[in-house]
Amino acid sequence: MKKLLVLALVAMIGATAFSKTIDEVFNAFPKADNVQDMVLDESMLGMAMSMGADQSGALKDIKTMRIVAIDNPTSEQVSIAKAICDEGVDGFDVMVDASEEGETALILTQGDDKVINKMLIIAVEEDNVAIVLMEGNINPDYADKYVNFGK
């Protein structure tokens, strides 16, 4: 029985040793000409809502949004993004994990069934990589709209 407990503890430590913190995710991509890193605060998001953004209902609950967009990523940048998807992010629960035809999407959340405090979206394609972190008090019903957008 003791061996089983020790083995389970080692497995749990090993699983968390490979996951990244949210800061490590955003710092994994050094500044380069093809890397855009931007932060939108509540006032900027308010301007988007006032200009009639398609998802303005969902935007009202978001306080900040950080976006890293990589156009024409190098193979190393794609590998880093896919590794983050494989390893996970500390403190986040998986909402969606999908891979199809060379494209990978991972949506992670922090919160509960009543409110999502953080939503992290990682999308990896051959010609672009996007990482979006939304923070606020996001209604889980709107989170479903983000996931199912375009369907």
Side-chain angles (χ1 to χ4, degrees), residues 12-151:
M12 287 182 356
I13 292 170
T16 58
F18 293 110
S19 61
K20 299 210 177 285
T21 66
I22 194 67
D23 288 334
E24 289 173 327
V25 168
F26 283 102
N27 293 332
F29 301 97
K31 296 203 182 299
D33 290 340
N34 66 337
V35 178
Q36 297 177 28
D37 188 349
M38 62 198 99
V39 177
L40 305 175
D41 62 15
E42 201 167 2
S43 63
M44 296 171 106
L45 292 166
M47 288 185 343
M49 286 182 357
S50 68
M51 295 191 314
D54 289 344
Q55 296 291 322
S56 62
L59 290 176
K60 71 179 173 62
D61 295 329
I62 298 172
K63 305 298 179 208
T64 62
M65 186 181 298
R66 183 170 182 189
I67 304 164
V68 170
I70 305 172
D71 291 323
N72 299 314
T74 64
S75 59
E76 180 182 4
Q77 290 168 325
V78 170
S79 294
I80 290 169
K82 285 186 176 184
I84 291 168
C85 289
D86 291 342
E87 295 166 2
V89 179
D90 290 343
F92 283 82
D93 297 317
V94 175
M95 182 178 193
V96 173
D97 185 356
S99 292
E100 187 176 305
E101 297 178 12
E103 297 178 4
T104 302
L106 181 64
I107 301 176
L108 304 169
T109 61
Q110 274 185 0
D112 55 35
D113 58 344
K114 295 180 182 171
V115 66
I116 295 172
N117 304 109
K118 294 181 182 181
M119 178 180 276
L120 180 64
I121 302 170
I122 304 171
V124 184
E125 298 178 11
E126 187 177 305
D127 58 347
N128 63 53
V129 171
I131 301 173
V132 179
L133 175 64
M134 294 177 275
E135 297 182 73
N137 294 310
I138 303 164
N139 182 326
D141 292 336
Y142 285 128
D144 288 342
K145 290 179 182 180
Y146 284 125
V147 173
N148 295 314
F149 185 71
K151 288 186 180 179

Tabulate below the donor-acceptor pairs under 3.5 Å that side-chain atoms of residues 119-127 make, not counting sequence neighbours, or state none.
none

(message) Counting C-beta onward and ignoring hydrogens, is there a side-chain heavy-atom pair between L106 and V94 closer than 4.5 Å?
(response) yes
(message) How long is the straight-line distance from OG1 of T64 back to CG of D41, given to the nearest 0.5 Å?
(response) 8.5 Å
(request) Determine which pairs satisfy salt bridge (charged side-chain N to carboxylate O under 4.0 Å, His left out) with at least one residue from residues 102-118, sequence neighbours left out, and list them in order. (result) K118-E135
(message) Show the nearest heavy-atom pair for residues G111 and N117, with the distance to one decimal.
(response) CA-OD1, 3.6 Å
(message) So, using side-chain contact (heavy atoms from CB on, under 4.5 Å) as the criterion, who are the partners of E100 when residues are at least two apart?
(response) none
(message) Among residues at least two apart in sequence or on other chains, which ones pass side-chain contact (heavy atoms from CB on, under 4.5 Å) with T21?
(response) D23, E24, D90
(message) Using 0.5 Å steps for rounding, measure from the CG atom of L40 to the CE atom of M134.
(response) 11.5 Å
(request) Under the side-chain contact (heavy atoms from CB on, under 4.5 Å) rule, collect the residues that match up with A32, sequence neighbours excluded. (result) N34, V35, Q77
(request) Sequence neighbours left out, what passes salt bridge (charged side-chain N to carboxylate O under 4.0 Å, His left out) with D37? Give chain and number order. (result) R66
(message) Can you tell me how far apart CD1 (I80) and NZ (K20) are? Round to the nearest 0.5 Å.
(response) 8.5 Å
(request) Report yes or no: does Q110 contribute a side-chain atom to a donor-acceptor pair with the main-chain N or O of D93 at less than 3.5 Å? (result) no
(request) Output, in order, the C-alpha distance, side-chain angles, deciding distance and verdict of side chain to side chain contact (heavy atoms under 4.5 Å, CB included) for V25 and N27. (result) CA-CA 6 Å; V25 168; N27 293 332; over 6 Å; no
(message) Is there a side chain to side chain contact (heavy atoms under 4.5 Å, CB included) between F26 and I131? Walk through the geometry before answering.
(response) CA-CA 8 Å; F26 283 102; I131 301 173; 3.8 Å; yes
(request) Would you check if I84 and F29 make a side-chain contact, meaning some heavy-atom pair closer than 4.5 Å? (result) yes
